[in-house]
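Shown next, in structure tokens, is the structure this report addresses.
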Amino acid sequence: MDDIQSLFVKNILRDAGSTLKDSGSAFAASNIALSKYWGKRDAALNLPVNSSLSVSLGDLGTRTEIRLADADSVQLNGTPVELTDGFAVRTLEFLKLFPMVGTHFDVRTENTIPTAAGLASSASGFAALVMALDDLAGWGLDKKKLSMLARLGSGSASRSVYNGFVQWNAGTSADGLDSYAEPLSSDWKDFRIGILELSKARKPVGSRDGMNRTVETSELYKSWPAQANRDIEIIRAAIEARDFPTLGKAAEHNALAMHATMMSAWPPLIYLQPESMVMIHKVQFARADGLEVYLTIDAGPNIKLLFLEENERAVVDVFQGLEVVKPFG
Ligand code: 2P0
């Protein structure tokens, strides 16, 4: 553990309670960014270059239960995980940031995100872990502080301590205390997300290394923070006005601009597969035909569609095999 991380954790826990329970548990929803986080300004405190804005995935997410134990153990979806496995290593490394709670933990994690959806679970995973730890230790932290602790595990996890539309403010200070998520107006009942799993191919480069490489080597990345700031403002206003086409255009533009910065890194980061390109064109054609559907893509090959309930049937007809998520139930 870095001294700087330890100091940060102490700062967050300064006025926290300490009524230890036998076990702690929590659920956190996964999220998809409409305006993306790509690039860090500080690795130890996991501070982003730019703010981001996401929508939560309702009941798709992670439930975690945690207990103190004599030896570490980690379970995922009911199956014990080897402690050398990447998932267990990241989980236990994160818990080492909290020696004031205990030395060894028994962690049980259930993902309600269908594995077939090809969605990352680190966002809901670290958010649920922090909230379960808060429950176990009796800290009683507010969501702002929980979001800052979740951020240390994974940037996108800072957004998963809330439901609905959420903004993670990048902040500017070196101590990381102004980089946290906050909820925006929620409830857009007929908002829909469609998930198209196109490839199970392993990512050539993980998000963390990918964003570092982009920041270090891509000329195009220099224009990214301004684009991200602009897109967030457009999307925020569109959420307030329930202006779906404006939201969709800005989200699609943002995702493709992020991929342009990735491709212009060296060595290039090409997360899109041939099937992704086919679908990107298909979305353009569908829209030219009058169907109001937009796309977003994370650091991988799969495409997420954005549309409203009134077009759900038409969208499912065009994009066979689509898994439809209702973020607001
Ligand atoms: C996002 N992604 O805003 C962006 C869009 C991927 C592309 O957040 O290094 O797992 O753990 O802070 O949060 C994925 O990166 O990265 C991500 P770390 P994280 O959702």
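Values reported hereafter were calculated over all heavy atoms of this structure, with side chains retained and with hydrogens, waters and symmetry mates removed. Counting convention: from 1, in listed order, for ligands and their atoms alike. In this text, all values refer to a predicted model and were calculated from it rather than measured experimentally.
- If you look at Phe307 and Phe319, their ring centroids are not closer than 6.0 Å.
- The single protein non-hydrogen atom nearest to atom 13 (O) of ligand 1 is Ser156 OG, 2.7 Å, given as residue, atom name and distance.
- The protein heavy-atom contact nearest to atom 1 (C) of ligand 1 is Arg159 NH2, 3.4 Å.
- Of the protein's non-hydrogen atoms, Ser207 CB, 3.5 Å is the one closest to atom 15 (O) of ligand 1.
- When only non-hydrogen protein atoms are considered, atom 5 (C) of ligand 1 lies nearest to Asp298 OD1, 3.4 Å.
- With respect to atom 19 (P) of ligand 1, the closest heavy atom belonging to the protein is Ser154 OG, 3.4 Å.
- Residues Arg192 and Leu306 form no side-chain contact, since every pair of their non-hydrogen atoms from C-beta on lies 4.5 Å or further apart.
- For atom 8 (O) of ligand 1, the nearest protein heavy atom (residue, atom name, distance) is Tyr37 CD2, 3.1 Å.
- Look at Met262 and you'll find every heavy atom at least 4.0 Å from all atoms of ligand 1.
- The aromatic ring centres of Phe126 and Phe94 sit less than 6.0 Å apart.
- Distances below 4.0 Å separate heavy atoms of Met211 from the following atoms of ligand 1: 15 (O), 16 (O).
- In this structure, atom 11 (O) of ligand 1 lies nearest to the protein heavy atom Arg208 NH2, 2.6 Å.
- Of the charged side-chain nitrogens involved, none lies within less than 4.0 Å of a carboxylate oxygen, so that Lys10 and Asp3 do not count as a salt-bridged pair.
- Ionic pairing of Lys249 and Glu252 is not present here: no N-O contact between side-chain nitrogen and carboxylate oxygen is shorter than 4.0 angstrom.
- Salt bridge present: Asp187 and Lys189 bring a charged side-chain N and a carboxylate O closer than 4.0 Å.
- When non-hydrogen atoms are compared, ligand 1 lies under 4.0 Å from the side chain of Asn46 (C-beta onward) but not from its backbone.
- Ligand 1 has no atom lying under 4.0 Å from any heavy atom of Ser52.
- The contact set between ligand 1 and Lys36, taken as ligand atoms under 4.0 Å from a residue heavy atom, comprises 3 (O), 5 (C).
- The atoms of ligand 1 that sit less than 4.0 Å from any heavy atom of Ala33 are 1 (C), 3 (O), 20 (O).
- Taking only nitrogen or oxygen atoms, main chain and side chain alike, Gly155 reaches within less than 3.5 Å of ligand 1.
- Close contacts of ligand 1 with Ser122, meaning ligand atoms under 4.0 Å from a residue heavy atom, involve 10 (O).
- Residue Arg90 touches ligand 1 through its side chain alone, judged by heavy-atom distances below 4.0 Å.
- Aromatic pair Phe98/Phe105: centroids not less than 6.0 angstrom apart.
- Side-chain contact of Thr79 with Asn77: a donor-acceptor pair under 3.5 Å is absent, judged by distance alone.
- In terms of protein heavy atoms, atom 9 (O) of ligand 1 is closest to Lys40 NZ, 2.6 Å.
- A salt bridge between Asp190 and Lys326 is absent, with no side-chain N of the basic residue lying under 4.0 Å from a carboxylate O of the acidic one.
- A salt bridge does not link Asp22 to Arg67: none of the charged side-chain nitrogens sits closer than 4.0 Å to a carboxylate oxygen.
- A cation-pi geometry, defined here as NZ or CZ lying under 6.0 Å from the six-membered ring centre and within 45° of its normal, does not hold between Arg151 and Trp168.
- Using a 4.0 Å cutoff on heavy atoms, Arg151 does not count as a contact of ligand 1.
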